[in-house]
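Input: a single structure, listed below in structure tokens.
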Amino acid sequence: AQSVSQHNHHVILSEAASLELGCNYSYGGTVNLFWYVQYPGQHLQLLLKYFSGDPLVKGIKGFEAEFIKSKFSFNLRKPSVQWSDTAEYFCAVKVFSGGYNKLIFGAGTRLAVHP
Amino acid sequence: EAGVAQSPRYKIIEKRQSVAFWCNPISGHATLYWYQQILGQGPKLLIQFQNNGVVDDSQLPKDRFSAERLKGVDSTLKIQPAKLEDSAVYLCASSPSFLQETQYFGPGTRLLVL
């Protein structure tokens with residue numbers, strides 16, 4: 001069955017530290033990959049997405065993610081985090097199954113950034 | 001552009017009671033999704049509509065959950081009777097079309113079943 005695994009459930013960083021959140025998926029077909037973010041008290045919103053082409057994708061607020069097909073991974077990175085990046089981050093994979101597209105989410109990673 | 005609207009934002013009920021959630025997608029979005037997000041987990045798709053037709057309801061517990069989107073615009077999700085394990089956030093999302101990659105999420109309804 002298709003699944004998405006996020007390795008870290010909780011991450012605590014100081015401001016200006018670098019961030020990398022792991023995401024691995026299990027699906028053998030063509031995938032579209034997403035990172036969604038949920039800031040405290042707000043709804044889920046798209047951070048970045050990969051469909052095809054350059055495997056290094058840049059999103060909003062200085063985030064980027066790299067698709068490594070051989071590793072079935074789509075890790076999220078940011079060189080220098082800010083207190084405002086405190087949020088929950090979800091990796092998601094869109095798969096084609098049963099004649100329709102389906103978005104499968106990982107369990108999420110809670111990031112806390114301390115000033 | 002107005003986002004996806006959901007109501008109520010919070011609901012507390014006792015087990016075996018019924019509850020209904022409402023969603024109004026972004027204007028013009030043909031595809032509507034209901035997700036269940038249990039604490040500590042990612043959202044799980046319950047049902048997907050394309051206009052007023054069901055595309056995927058394979059993970060909807062049909063013995064107690066039902067959903068409709070009669071006019072192809074807003075939608076309701078109902079639970080009857082509720083169980084303790086139904087405590088979760090119920091998220092509604094929409095996208096312009098079935099093939100559109102990005103889904104836009106509403107604020108969710110937080111349900112607590114006592």
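In what follows, every heavy atom counts, from backbone to side chain, and hydrogens, waters and symmetry copies are set aside. Naming convention: chains lettered A, B, ... in sequence-line order (proteins, then strands); numbering from 1 in each chain.
- Within 6.0 Å of the CG atom in B/L114, the count of heavy atoms belonging to other residues, nucleotides or ligands exceeds 12.
- Around CH2 of B/W22, the count of heavy atoms belonging to other residues, nucleotides or ligands within 6.0 Å exceeds 12.
- Taken to the nearest 0.5 Å, the CD atom of B/Q103 stands 5.5 Å off from the OH atom of A/Y36.
- Under the 4.5 Å side-chain heavy-atom criterion for grouping Ile, Leu, Val, Met, Phe, Trp and Tyr, B/F65 is connected to B/V54 within one hydrophobic cluster.
- The 12-atom threshold is exceeded at NZ of B/K62, counting heavy atoms of other residues, nucleotides or ligands nearer than 6.0 Å.
- When the side chains of ILVMFWY residues are joined at heavy-atom separations under 4.5 Å, either directly or via intervening members, B/L112 and B/L84 end up in two distinct hydrophobic clusters.
- Considering every non-hydrogen atom in both A/H43 and B/F105, the closest pair reads CD2-O, 3.3 Å.
- Transitive grouping of hydrophobic side chains (ILVMFWY, heavy atoms separated by less than 4.5 Å) brings B/I13 and B/L77 into a common cluster.
- The shortest distance between side-chain heavy atoms of B/S58 and A/K102 falls below 4.5 Å.
- B/L45 contributes atom CG, which lies 9.5 Å from atom CZ of A/F105 (distance to the nearest 0.5 angstrom).
- Within the model, atoms CZ of A/F90 and CD of B/Q41 stand 10.5 Å from one another, a figure rounded to the nearest 0.5 Å.
- Residue contact with chain A, scored on non-hydrogen atoms closer than 4.5 Å, involves the side chain of B/Q59 exclusively.
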Take A/L103 and B/Y35 through the side chain to side chain contact (heavy atoms under 4.5 Å, CB included) test and state the conclusion after the steps. CA-CA 10 Å; A/L103 200 59; B/Y35 289 86; 3.6 Å; yes
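- A 4.5 Å side-chain heavy-atom check between B/L91 and A/L44 finds at least one atom pair inside the cut-off.
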